[in-house]
Amino acid sequence: MINVTKTFLPPQEEYQEILKRAWDNHWITNRGPLVQELEDNLLSYLVTDRVVLTTNGTIPLQIALKVLAKGGEVITTPFSYVATTAAIVWEHCTPVFVDIHPEYLTIDETKIEEAITDKTTAILATHVFGNPCNVEAIEAIAKKHNLKIIYDAAHGFGVTYKNVSIFNYGDVSTCSFHATKLFHTGEGGAMFASNKELQHQLFYSHNFGHNGPLAFHGVGINAKMSELQAAMGLTILPHMSQILKQRKEIVEYYNTNIDFLKLKKIVIREHTHWNYSYYPVIFESEEKLIQVQAALNQNQIFPRRYFYPSLNTIGFTEKKTMPISEYVAARVLCLPLYAGLSNNDVKTIVDILNGAIL
Ligand SMILES: *Cc1c(COP(=O)(O)O)cnc(C)c1O
(Lines give C-alpha, C1' and ligand atoms only; values in the text may rest on other atoms or scores of the structure.)
Protein backbone atom coordinates (compact mmCIF):
# COMPACT_ATOMS: atom_id res chain seq x y z
CA MET A 1 0.00 0.00 0.00
CA ILE A 2 1.25 3.47 -0.91
CA ASN A 3 -0.16 6.39 1.05
CA VAL A 4 0.19 10.09 0.36
CA THR A 5 3.02 10.13 2.89
CA LYS A 6 4.98 7.76 5.07
CA THR A 7 6.46 8.86 8.35
CA PHE A 8 10.26 8.92 8.26
CA LEU A 9 11.56 6.73 11.08
CA PRO A 10 15.28 6.98 11.79
CA PRO A 11 17.35 3.88 12.63
CA GLN A 12 16.10 2.76 16.04
CA GLU A 13 19.61 2.59 17.55
CA GLU A 14 20.13 6.28 16.79
CA TYR A 15 16.90 7.16 18.58
CA GLN A 16 17.82 4.90 21.53
CA GLU A 17 21.18 6.61 21.84
CA ILE A 18 19.59 10.02 22.26
CA LEU A 19 16.77 8.68 24.44
CA LYS A 20 19.43 7.23 26.75
CA ARG A 21 20.39 10.79 27.63
CA ALA A 22 16.85 11.42 28.91
CA TRP A 23 17.16 8.28 31.07
CA ASP A 24 20.61 9.32 32.30
CA ASN A 25 19.30 12.76 33.17
CA HIS A 26 16.13 11.24 34.63
CA TRP A 27 14.39 14.18 33.00
CA ILE A 28 11.66 13.73 30.39
CA THR A 29 9.85 17.06 30.20
CA ASN A 30 9.83 20.70 31.42
CA ARG A 31 12.34 21.95 28.87
CA GLY A 32 15.20 19.63 29.67
CA PRO A 33 18.51 19.57 27.80
CA LEU A 34 17.10 17.76 24.74
CA VAL A 35 14.43 20.39 24.04
CA GLN A 36 17.02 23.11 24.49
CA GLU A 37 19.46 21.35 22.18
CA LEU A 38 16.78 20.84 19.54
CA GLU A 39 15.92 24.56 19.74
CA ASP A 40 19.58 25.48 19.25
CA ASN A 41 20.02 23.03 16.37
CA LEU A 42 16.85 24.24 14.65
CA LEU A 43 17.88 27.87 14.94
CA SER A 44 21.14 27.15 13.14
CA TYR A 45 19.63 24.69 10.63
CA LEU A 46 16.84 27.11 9.70
CA VAL A 47 18.93 30.28 10.12
CA THR A 48 16.41 32.05 12.26
CA ASP A 49 16.60 33.80 15.63
CA ARG A 50 13.82 32.94 18.07
CA VAL A 51 11.92 29.71 18.57
CA VAL A 52 9.77 28.11 21.27
CA LEU A 53 9.08 24.40 20.77
CA THR A 54 5.58 23.13 21.49
CA THR A 55 3.75 19.85 21.89
CA ASN A 56 1.91 20.12 18.56
CA GLY A 57 1.36 22.55 15.69
CA THR A 58 -2.13 23.71 16.63
CA ILE A 59 -1.56 25.12 20.10
CA PRO A 60 1.00 27.67 18.83
CA LEU A 61 -1.75 29.02 16.54
CA GLN A 62 -4.03 29.29 19.57
CA ILE A 63 -1.36 31.02 21.67
CA ALA A 64 -0.47 33.46 18.88
CA LEU A 65 -4.16 34.29 18.36
CA LYS A 66 -4.74 34.70 22.11
CA VAL A 67 -1.78 37.06 22.43
CA LEU A 68 -2.16 39.02 19.18
CA ALA A 69 -5.74 38.79 17.88
CA LYS A 70 -7.51 39.31 21.23
CA GLY A 71 -10.97 38.13 20.22
CA GLY A 72 -11.22 40.31 17.11
CA GLU A 73 -11.90 39.55 13.47
CA VAL A 74 -9.10 37.59 11.85
CA ILE A 75 -8.63 37.68 8.10
CA THR A 76 -7.75 34.20 6.92
CA THR A 77 -7.52 31.76 4.03
CA PRO A 78 -10.24 29.20 3.25
CA PHE A 79 -7.63 26.87 1.68
CA SER A 80 -5.70 25.21 4.49
CA TYR A 81 -6.00 22.40 6.98
CA VAL A 82 -9.02 22.77 9.28
CA ALA A 83 -6.76 23.64 12.25
CA THR A 84 -6.19 27.12 10.84
CA THR A 85 -9.88 28.04 11.00
CA ALA A 86 -10.68 25.95 14.07
CA ALA A 87 -7.98 27.71 16.13
CA ILE A 88 -9.56 31.09 15.29
CA VAL A 89 -13.03 29.97 16.36
CA TRP A 90 -11.67 28.10 19.42
CA GLU A 91 -9.97 31.32 20.59
CA HIS A 92 -13.27 33.24 20.33
CA CYS A 93 -12.10 35.25 17.35
CA THR A 94 -14.13 35.57 14.14
CA PRO A 95 -12.68 34.19 10.91
CA VAL A 96 -13.17 36.47 7.91
CA PHE A 97 -12.28 34.57 4.76
CA VAL A 98 -10.49 36.09 1.80
CA ASP A 99 -10.25 34.02 -1.38
CA ILE A 100 -7.00 32.57 -2.69
CA HIS A 101 -4.76 33.17 -5.68
CA PRO A 102 -5.63 30.57 -8.37
CA GLU A 103 -2.02 29.51 -9.03
CA TYR A 104 -0.10 30.07 -5.79
CA LEU A 105 -3.12 28.86 -3.71
CA THR A 106 -2.16 31.29 -0.92
CA ILE A 107 -4.45 34.08 0.30
CA ASP A 108 -5.08 36.69 -2.42
CA GLU A 109 -3.45 39.75 -0.89
CA THR A 110 -5.26 42.08 -3.32
CA LYS A 111 -8.57 41.16 -1.65
CA ILE A 112 -7.46 41.63 1.96
CA GLU A 113 -8.08 45.36 2.34
CA GLU A 114 -11.75 45.18 1.37
CA ALA A 115 -12.28 42.63 4.19
CA ILE A 116 -10.84 44.85 6.93
CA THR A 117 -13.29 46.40 9.41
CA ASP A 118 -12.80 48.31 12.67
CA LYS A 119 -12.94 44.95 14.47
CA THR A 120 -10.08 43.38 12.50
CA THR A 121 -7.08 42.67 14.69
CA ALA A 122 -4.98 40.19 12.75
CA ILE A 123 -4.28 38.29 9.54
CA LEU A 124 -3.72 34.52 9.80
CA ALA A 125 -2.53 33.15 6.47
CA THR A 126 -1.07 29.77 5.50
CA HIS A 127 2.05 29.18 3.40
CA VAL A 128 0.10 26.30 1.93
CA PHE A 129 2.18 23.34 0.66
CA GLY A 130 5.24 25.38 1.69
CA ASN A 131 4.47 28.06 -0.92
CA PRO A 132 5.02 31.50 0.62
CA CYS A 133 2.21 34.04 0.80
CA ASN A 134 2.96 37.45 -0.68
CA VAL A 135 4.64 38.41 2.59
CA GLU A 136 5.70 41.89 1.43
CA ALA A 137 2.21 42.98 0.35
CA ILE A 138 0.69 41.51 3.52
CA GLU A 139 3.21 43.35 5.68
CA ALA A 140 2.41 46.65 3.97
CA ILE A 141 -1.34 46.14 4.51
CA ALA A 142 -0.83 45.16 8.16
CA LYS A 143 1.30 48.22 8.79
CA LYS A 144 -1.18 50.57 7.16
CA HIS A 145 -4.11 49.19 9.19
CA ASN A 146 -2.22 48.39 12.39
CA LEU A 147 -2.87 44.64 12.23
CA LYS A 148 -0.84 41.72 13.51
CA ILE A 149 0.35 38.98 11.16
CA ILE A 150 0.40 35.30 12.10
CA TYR A 151 1.58 32.76 9.55
CA ASP A 152 0.48 29.16 9.74
CA ALA A 153 3.77 27.81 8.41
CA ALA A 154 2.94 24.20 9.27
CA HIS A 155 4.27 23.21 5.81
CA GLY A 156 7.14 25.69 5.79
CA PHE A 157 10.03 23.73 7.29
CA GLY A 158 13.24 24.75 5.51
CA VAL A 159 11.57 27.12 3.03
CA THR A 160 13.33 30.40 2.35
CA TYR A 161 11.92 33.43 0.58
CA LYS A 162 14.51 35.90 -0.77
CA ASN A 163 17.11 33.83 1.09
CA VAL A 164 15.45 34.43 4.46
CA SER A 165 13.72 31.69 6.47
CA ILE A 166 9.97 31.80 5.87
CA PHE A 167 9.60 31.69 9.66
CA ASN A 168 11.14 35.17 9.88
CA TYR A 169 8.13 36.82 8.23
CA GLY A 170 5.12 38.11 10.15
CA ASP A 171 4.85 38.76 13.90
CA VAL A 172 4.62 35.04 14.68
CA SER A 173 5.04 31.99 12.46
CA THR A 174 4.03 28.54 13.61
CA CYS A 175 5.13 25.13 12.40
CA SER A 176 3.89 21.56 12.86
CA PHE A 177 6.20 18.64 13.57
CA HIS A 178 3.41 16.07 13.28
CA ALA A 179 4.45 12.62 12.02
CA THR A 180 2.94 13.37 8.59
CA LYS A 181 4.98 16.53 8.14
CA LEU A 182 8.34 16.99 6.41
CA PHE A 183 10.33 17.17 9.66
CA HIS A 184 8.69 15.64 12.71
CA THR A 185 8.87 14.80 16.40
CA GLY A 186 5.88 12.40 16.35
CA GLU A 187 3.61 15.13 17.63
CA GLY A 188 5.18 18.54 17.98
CA GLY A 189 5.44 22.07 16.74
CA ALA A 190 7.09 25.44 17.09
CA MET A 191 6.44 29.14 17.20
CA PHE A 192 8.86 31.70 15.81
CA ALA A 193 8.67 35.28 17.08
CA SER A 194 9.76 38.46 15.32
CA ASN A 195 11.13 40.14 18.45
CA LYS A 196 12.32 39.41 21.97
CA GLU A 197 9.33 40.80 23.87
CA LEU A 198 6.94 38.75 21.80
CA GLN A 199 9.09 35.65 22.23
CA HIS A 200 8.98 36.21 25.98
CA GLN A 201 5.19 36.48 25.91
CA LEU A 202 4.85 33.32 23.81
CA PHE A 203 7.31 31.56 26.09
CA TYR A 204 5.50 32.19 29.37
CA SER A 205 2.14 31.61 27.68
CA HIS A 206 3.29 28.10 26.73
CA ASN A 207 4.41 27.29 30.30
CA PHE A 208 1.47 28.23 32.56
CA GLY A 209 2.64 31.85 32.74
CA HIS A 210 5.54 30.92 35.00
CA ASN A 211 8.20 33.48 35.90
CA GLY A 212 10.37 31.17 37.95
CA PRO A 213 8.80 28.50 40.19
CA LEU A 214 6.80 30.88 42.42
CA ALA A 215 5.85 33.88 40.31
CA PHE A 216 3.73 34.43 37.22
CA HIS A 217 3.94 36.92 34.36
CA GLY A 218 0.37 36.36 33.31
CA VAL A 219 -2.06 33.66 32.37
CA GLY A 220 -0.65 30.73 30.46
CA ILE A 221 -1.41 27.25 29.26
CA ASN A 222 0.66 24.08 28.86
CA ALA A 223 2.10 23.69 25.39
CA LYS A 224 5.55 22.36 26.24
CA MET A 225 7.39 19.86 24.07
CA SER A 226 8.68 16.85 26.00
CA GLU A 227 12.20 15.42 26.01
CA LEU A 228 10.89 12.28 24.30
CA GLN A 229 9.55 14.35 21.41
CA ALA A 230 12.78 16.37 21.21
CA ALA A 231 14.79 13.11 21.06
CA MET A 232 12.97 12.16 17.85
CA GLY A 233 13.67 15.59 16.35
CA LEU A 234 17.35 15.41 17.29
CA THR A 235 17.58 11.98 15.65
CA ILE A 236 15.86 13.06 12.43
CA LEU A 237 17.48 16.46 11.86
CA PRO A 238 20.81 15.01 10.60
CA HIS A 239 18.82 13.00 8.00
CA MET A 240 17.10 16.04 6.51
CA SER A 241 19.49 16.60 3.60
CA GLN A 242 19.00 12.99 2.46
CA ILE A 243 15.22 13.26 2.91
CA LEU A 244 15.09 16.46 0.86
CA LYS A 245 17.30 15.01 -1.88
CA GLN A 246 14.98 12.02 -2.33
CA ARG A 247 11.86 14.19 -2.32
CA LYS A 248 13.39 16.52 -4.90
CA GLU A 249 14.05 13.57 -7.23
CA ILE A 250 10.44 12.41 -6.97
CA VAL A 251 9.12 15.92 -7.60
CA GLU A 252 11.34 16.22 -10.67
CA TYR A 253 10.09 12.87 -11.99
CA TYR A 254 6.47 14.00 -11.52
CA ASN A 255 7.24 17.35 -13.15
CA THR A 256 8.73 15.78 -16.28
CA ASN A 257 6.52 12.71 -16.69
CA ILE A 258 2.98 13.66 -15.73
CA ASP A 259 0.81 14.61 -18.68
CA PHE A 260 -0.01 18.21 -17.80
CA LEU A 261 -2.39 18.79 -20.72
CA LYS A 262 -5.40 18.04 -18.50
CA LEU A 263 -3.91 18.95 -15.16
CA LYS A 264 -2.35 21.91 -13.47
CA LYS A 265 0.35 22.05 -10.88
CA ILE A 266 0.91 24.63 -8.20
CA VAL A 267 3.08 27.62 -9.11
CA ILE A 268 5.78 28.23 -6.51
CA ARG A 269 6.27 31.93 -5.81
CA GLU A 270 9.40 33.42 -7.39
CA HIS A 271 12.45 33.93 -5.09
CA THR A 272 11.44 30.85 -3.11
CA HIS A 273 13.69 27.97 -2.13
CA TRP A 274 10.97 25.36 -1.78
CA ASN A 275 10.95 22.24 0.46
CA TYR A 276 9.24 19.55 -1.71
CA SER A 277 6.68 19.07 1.05
CA TYR A 278 3.61 18.13 -1.05
CA TYR A 279 2.77 17.37 -4.68
CA PRO A 280 -0.69 18.78 -5.39
CA VAL A 281 -2.23 18.48 -8.85
CA ILE A 282 -5.42 20.26 -9.90
CA PHE A 283 -7.84 18.48 -12.24
CA GLU A 284 -10.21 20.06 -14.79
CA SER A 285 -13.20 18.74 -12.87
CA GLU A 286 -14.04 16.88 -9.69
CA GLU A 287 -15.27 13.96 -11.85
CA LYS A 288 -11.79 13.59 -13.36
CA LEU A 289 -10.27 13.68 -9.88
CA ILE A 290 -12.58 10.93 -8.66
CA GLN A 291 -11.88 8.86 -11.79
CA VAL A 292 -8.10 9.07 -11.30
CA GLN A 293 -8.35 8.56 -7.54
CA ALA A 294 -10.38 5.38 -8.10
CA ALA A 295 -7.82 4.02 -10.58
CA LEU A 296 -5.01 4.68 -8.10
CA ASN A 297 -6.98 3.21 -5.19
CA GLN A 298 -7.55 0.03 -7.21
CA ASN A 299 -3.79 -0.37 -7.26
CA GLN A 300 -3.51 0.24 -3.50
CA ILE A 301 -2.28 3.81 -4.01
CA PHE A 302 -3.93 6.38 -1.77
CA PRO A 303 -3.37 10.03 -2.62
CA ARG A 304 -5.25 12.53 -0.41
CA ARG A 305 -7.64 15.36 -1.16
CA TYR A 306 -5.61 18.07 0.60
CA PHE A 307 -7.37 20.38 1.22
CA TYR A 308 -11.03 19.54 0.89
CA PRO A 309 -13.52 20.95 1.61
CA SER A 310 -12.90 24.67 1.34
CA LEU A 311 -12.98 25.93 4.95
CA ASN A 312 -15.68 28.55 4.33
CA THR A 313 -18.11 25.65 3.77
CA ILE A 314 -17.50 23.53 6.88
CA GLY A 315 -20.38 24.81 8.95
CA PHE A 316 -18.95 26.43 12.06
CA THR A 317 -18.24 29.77 10.44
CA GLU A 318 -20.27 32.38 8.61
CA LYS A 319 -21.08 31.21 5.09
CA LYS A 320 -19.72 33.28 2.26
CA THR A 321 -18.76 31.92 -1.13
CA MET A 322 -15.08 31.79 -2.00
CA PRO A 323 -15.21 30.79 -5.67
CA ILE A 324 -11.52 30.12 -6.29
CA SER A 325 -10.93 28.20 -3.07
CA GLU A 326 -14.07 26.12 -3.62
CA TYR A 327 -13.03 25.43 -7.24
CA VAL A 328 -9.52 24.33 -6.23
CA ALA A 329 -10.59 22.37 -3.15
CA ALA A 330 -12.97 20.25 -5.27
CA ARG A 331 -10.24 19.43 -7.82
CA VAL A 332 -6.94 19.15 -5.93
CA LEU A 333 -5.25 15.88 -5.10
CA CYS A 334 -1.89 15.40 -3.37
CA LEU A 335 0.17 12.58 -4.87
CA PRO A 336 2.36 10.29 -2.75
CA LEU A 337 5.64 11.99 -1.86
CA TYR A 338 8.09 10.77 0.76
CA ALA A 339 11.67 9.65 1.22
CA GLY A 340 11.77 5.93 0.53
CA LEU A 341 9.12 5.91 -2.22
CA SER A 342 10.85 3.84 -4.92
CA ASN A 343 11.45 4.92 -8.52
CA ASN A 344 9.34 1.98 -9.60
CA ASP A 345 6.40 3.11 -7.47
CA VAL A 346 6.68 6.69 -8.70
CA LYS A 347 6.65 5.43 -12.29
CA THR A 348 3.59 3.27 -11.56
CA ILE A 349 1.76 6.25 -10.05
CA VAL A 350 2.49 8.41 -13.10
CA ASP A 351 1.52 5.66 -15.56
CA ILE A 352 -1.83 5.07 -13.83
CA LEU A 353 -2.48 8.80 -13.58
CA ASN A 354 -1.66 9.47 -17.23
CA GLY A 355 -3.74 6.47 -18.31
CA ALA A 356 -6.79 7.31 -16.20
CA ILE A 357 -6.99 11.01 -16.97
CA LEU A 358 -7.98 10.60 -20.65
C1 LIG B 1 -0.75 19.85 10.25
C2 LIG B 1 -1.30 21.24 10.21
C3 LIG B 1 -1.65 21.95 11.39
C4 LIG B 1 -1.75 21.28 12.72
O5 LIG B 1 -0.59 20.76 13.20
P6 LIG B 1 -0.62 19.62 14.33
O7 LIG B 1 0.83 19.47 14.66
O8 LIG B 1 -1.21 18.39 13.73
O9 LIG B 1 -1.41 20.13 15.49
C10 LIG B 1 -2.03 23.27 11.28
N11 LIG B 1 -2.10 23.89 10.07
C12 LIG B 1 -1.81 23.25 8.93
C13 LIG B 1 -1.89 24.00 7.64
C14 LIG B 1 -1.43 21.90 8.96
O15 LIG B 1 -1.18 21.25 7.81
Side-chain angles (χ1 to χ4, degrees), residues 3-8 38 42 51-66 69 74-91 93 95 97 100 104-107 122-133 149-159 166-167 169-170 172-192 206 221-226 228-230 232-233 236 266 274-280 303-312 314 317 325 328-329 332-334 337-338:
N3 284 316
V4 66
T5 192
K6 185 175 180 184
T7 299
F8 175 81
L38 183 58
L42 286 174
V51 67
V52 179
L53 295 181
T54 56
T55 195
N56 62 47
T58 302
I59 201 157
L61 288 172
Q62 293 176 246
I63 292 174
L65 287 160
K66 181 82 81 190
V74 177
I75 290 177
T76 193
T77 175
F79 189 70
S80 183
Y81 182 55
V82 67
T84 315
T85 305
I88 296 172
V89 176
W90 195 265
E91 289 303 326
C93 299
F97 291 108
I100 57 170
Y104 299 129
L105 310 186
T106 49
I107 195 167
I123 299 167
L124 169 52
T126 301
H127 301 305
V128 71
F129 305 131
N131 199 18
C133 298
I149 305 169
I150 303 164
Y151 284 116
D152 182 340
H155 310 159
F157 192 88
V159 170
I166 197 65
F167 299 136
Y169 294 92
V172 175
S173 288
T174 68
C175 194
S176 166
F177 302 155
H178 185 259
T180 56
K181 301 300 204 287
L182 181 58
F183 166 80
H184 79 90
T185 57
E187 292 273 357
M191 37 196 180
F192 299 84
H206 106 300
I221 195 80
N222 178 10
K224 298 185 304 293
M225 177 179 278
S226 82
L228 307 178
Q229 292 172 288
M232 181 61 87
I236 291 178
I266 185 173
W274 189 50
N275 62 359
Y276 312 100
S277 49
Y278 295 86
Y279 200 91
R304 282 290 294 271
R305 296 184 67 175
Y306 292 152
F307 288 100
Y308 177 87
S310 185
L311 296 171
N312 56 304
I314 54 178
T317 66
S325 179
V328 171
V332 64
L333 191 66
C334 279
L337 174 56
Y338 52 85

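Just follow the structure's listing: the first ligand is 1, and inside any ligand the first atom is 1.
- Regarding atom 9 (O) of ligand 1, its nearest protein heavy-atom neighbour is Thr58 OG1, 2.6 Å.
- Distances below 4.0 Å separate heavy atoms of Gly57 from the following atoms of ligand 1: 5 (O), 6 (P), 7 (O), 9 (O).
- Using bins of under 30°, 30° to 60° and over 60° for the plane-to-plane angle, the ring pair Phe183/Phe177 lands in the perpendicular bin.
- Considering only non-hydrogen protein atoms, atom 11 (N) of ligand 1 sits nearest to Asp152 OD2, 2.7 Å.
- Taking every heavy atom of both residues into account, Gly156 and Ile166 meet most closely at O-CG2, 3.5 Å.
- At least one donor-acceptor pair closer than 3.5 Å links the side chain of Thr54 to the backbone N or O of Gly189.
- Nearest heavy-atom pair, His155 versus Lys181, reported as atom, atom and distance to 0.1 Å: CD2-CE, 3.9 Å.
- If you number the atoms of ligand 1 from 1 as listed, the ones under 4.0 Å from a heavy atom of Ser80 come out as 13 (C).
- Note on ligand 1: Glu187 sits outside its first shell, no heavy atom being nearer than 4.0 Å.
- Residues Thr106 and Pro132 fail the side-chain proximity criterion, which asks for heavy atoms closer than 4.5 Å.
- By the 4.0 Å heavy-atom criterion, Gly189 is excluded from the residues contacting ligand 1.
- Shown are Trp274, Tyr306, Phe307; of these, the ring pair (Phe, Tyr, Trp, His ring centres under 6.0 Å) with Phe129 is made only by Phe307.
- For Gly188, the closest heavy-atom approach to ligand 1 falls below 4.0 Å.
- Proximity of Val128 to Thr77: side-chain heavy atoms (C-beta onward) are nowhere separated by under 4.5 Å.
- Of the protein's non-hydrogen atoms, the one nearest atom 2 (C) of ligand 1 is Lys181 NZ, 3.0 Å.
- Looking from atom 15 (O) of ligand 1 to the surrounding protein, the closest heavy atom is His155 NE2, 2.7 Å.
- Looking only at protein heavy atoms, the nearest one to atom 5 (O) of ligand 1 is Ser176 OG, 3.2 Å.
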